[in-house]
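Reading through the structure tokens given below for one structure.
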Amino acid sequence: MTGTDRDILKIALPAIVTNITVPLLGLVDTAIVGHMGSATYMAAIAVGSMMFNLVYWVFGFLRMGTSGMTAQACGRRDYGEAAALLRQSARVALTVALLIVLLQVPLRELLLWFIGPTADVRPHVVSYYSVVVWGAPAMLLLFGLTGWFIGMQDTRLPMAVSVMQNVVNILASLLFVYGFGMKVEGVALGTVVAQYAGLAAALALLWRYYRRLFGRPRKPLAQKTVQFLRVNRDIFLRTLCLVGVNLYFTAVGARQGATILAVNALLMQLYLLFSYVLDGFAYAGEALGGRYWGAGDAGAYRATVRRLFGWGAVVTLLFTAVYVAGGMPFLHLLTDEPQVVSAARAYVWWAWLIPAAGVAAFIWDGIFIGTTQTRGMLLSSALAAVVFFAGAVLLTGPMGNHGLWLSMLLYLLVRGVVQTVLHRRTRP
């Protein structure tokens, strides 16, 4: 194992642990509301969580934009610029959060119209939303702080914050629901308490380990502000492409009936498991790629890219083997509905191809974020989205759900291919 490999794993492994804690929290929330005595509570939490996932996913640029530019400043050892970038990210995060809070009612109605919950579920969704929306400042500030920590080559602090936040969320939700007799509002309040606890922990760790950077004279960043806004704009538009693809994938599956919708939801869990692990290596690409790009160290940069793809190949082979051998048993663990399990057998082999189709896109995303080649990310995602939508329209008719999955795999493959071509033109 080379020194580059050790650097990659030092960043990737804590990031993977952080990613894995996210679905575990969702399972606990589901278990809590699953014992409230009504399926409407479970549906309300599912819809409410989807609403905020959509909102926060769109504003994920606060993490990614901060990460890449901070990593480059770190590579130049310009820690005054790194500190200024965090202040800048915090200002943008608070501005966006203020807009979300002020416009919470029209935003809520728009999301409810888009998702369309049933009449019995809607009041509970409104109750959940009305509480969780006040956590927007904490969540968006945490995005910026997480990106900044990654840019500073440190994924252990975000891991500690995430684990602590999830523990607080679980304990607070249990207290409010079973201790105080609250229903959906209890789960929502537990979420908000955990979000602010996570922010407090992140700020405490920032002060503990990095306070010396913020005692220096403030550095003007007029030129960097323009770059920061450009980078965030590109990532924002690229995220809209990803959101559009995922929503349309779900919508087309829903048109084919409840069974196919359930099958696709199950198979997407295999996609998410792969993404949780490979995202850790993408974070390593952000941190190390940005650091060496900023330092102008072309040799170390190229070595990092090569080793990242080496680790990507290992993860791809491992997940492919596991999915081929254990894909159906895993689906049996998620559901015991015979009709869904039977239907899944015809489509599970598409999940076997996900790692090979998606590995390049995930690795390149991390590298492009670190080197702030965000225009290339946007271009690759836009072209891939066009391919996906064209495939979904033209292939779903004659091929059914197979056409939809083929379109999704082509989408992942095109992203990676386009980024490979673009990187060859811009590498140092």
Side-chain angles (χ1 to χ4, degrees), residues 1-22 63-64 66-79 82 145-164 202 205-206 208-210 212-213 273-322 355 358-373 416 419-420 423 427-428:
M1 182 179 293
T2 67
T4 301
D5 289 321
R6 286 190 287 271
D7 288 341
I8 289 172
L9 292 178
K10 182 179 178 181
I11 294 172
L13 293 180
I16 292 170
V17 173
T18 301
N19 290 341
I20 291 174
T21 63
V22 176
R63 186 200 69 75
M64 292 181 278
T66 304
S67 171
M69 294 185 67
T70 302
Q72 292 182 36
C74 181
R76 291 189 295 270
R77 298 186 180 275
D78 190 343
Y79 298 113
L145 283 163
T146 299
W148 192 83
F149 285 137
I150 293 171
M152 295 297 291
Q153 318 295 299
D154 189 346
T155 54
R156 290 174 298 176
L157 296 187
M159 178 186 70
V161 170
S162 179
V163 171
M164 185 280 296
L205 291 171
L206 178 71
R208 170 69 176 80
Y209 293 102
Y210 296 101
R212 67 187 185 281
L213 302 185
L273 284 173
F274 174 70
S275 72
Y276 291 145
V277 174
L278 210 58
D279 265 348
F281 292 96
Y283 286 0
E286 293 180 30
L288 295 173
R291 170 182 159 192
Y292 293 131
W293 186 278
D297 191 339
Y301 173 79
R302 287 194 290 267
T304 298
V305 173
R306 285 195 301 270
R307 297 312 301 158
L308 281 170
F309 273 94
W311 283 105
V314 171
V315 173
T316 296
L317 290 173
L318 177 62
F319 269 84
T320 301
V322 169
V359 59
F362 280 97
I363 297 296
W364 281 132
D365 276 353
I367 294 168
F368 274 45
I369 289 169
T371 57
T372 57
Q373 298 180 65
Q419 286 174 300
T420 300
H423 182 262
R427 65 184 180 181

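Here the structure is a predicted model, which means the values were calculated and not measured.
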One pair to check against side-chain contact (heavy atoms from CB on, under 4.5 Å): Arg291 and Asp297. What are the steps and the verdict?
CA-CA 9 Å; Arg291 170 182 159 192; Asp297 191 339; over 6 Å; no
Test Thr320 against Thr316 for side-chain contact (heavy atoms from CB on, under 4.5 Å), laying out the working first.
CA-CA 6 Å; Thr320 301; Thr316 296; 4.1 Å; yes
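Taking each heavy atom of Gly289 and Thr304 in turn, the nearest pair found is N-CG2, 4.5 Å. Closest of all the heavy-atom pairs between Ala82 and Thr70 is CB-CG2, 4.2 Å. A pairwise comparison of heavy atoms in Asp154 and Tyr210 identifies OD2-OH, 3.3 Å as the closest pair. Of all non-hydrogen atoms in Leu308 and Phe281, the two that sit nearest each other are CD2-O, 3.4 Å. Residues Ile8 and Ala284 come closest through the heavy atom pair O-CB, 3.9 Å. Taking all atoms of both residues into account, the shortest heavy-atom contact from Tyr283 to Ala15 is CD2-CB, 3.3 Å.
Here the straight-line distance linking atom CD of Gln419 with atom CG of Asp365 works out to 5.0 Å at 0.5 Å rounding. Atom CD1 of Ile20 and atom CG of Asp279 lie 11.5 Å apart (nearest 0.5 Å). Between atom CG of residue Asn19 and atom CE of residue Met159 there is a gap of 12.0 Å, rounded to the nearest 0.5 Å. The OH atom of Tyr79 sits 8.0 Å away from the CG atom of Leu213 when rounded to the nearest 0.5 Å. To the nearest 0.5 Å, the span separating OH on Tyr209 from CE on Met152 amounts to 14.0 Å. In this structure, the separation between CD1 on Ile150 and CE on Met64 is 10.5 Å, given to the nearest 0.5 Å.
Contact check for Phe319 versus Leu278: no side-chain heavy atoms found under the 4.5 Å cut-off. The shortest distance between side-chain heavy atoms of Thr18 and Tyr276 does not fall below 4.5 Å.
Side-chain N or O atoms of Ser162 include none that pairs as donor or acceptor with a backbone N or O of Pro158 at under 3.5 Å. Although no hydrogens or angles enter the test, the distance criterion places no donor-acceptor pair under 3.5 Å between the side chain of Trp293 and the main chain of Gly75.
Using modelled atom types and a 3.5 Å distance limit, the side chains of Gln72 and Asp78 yield no donor-acceptor pair. Side-chain contact, Asp5 with Thr2: a donor N or O sits under 3.5 Å from an acceptor N or O.
Judged as a salt bridge (Lys or Arg N to Asp or Glu O under 4.0 Å), and not counting sequence neighbours, the contacts of Arg63 are Glu286.
Relative orientation of the Phe274 and Phe362 rings is perpendicular, given thresholds of 30° and 60° on the angle between their planes. Between Phe368 and His423, the ring planes lie tilted relative to each other; the angle falls in the 30° to 60° range.
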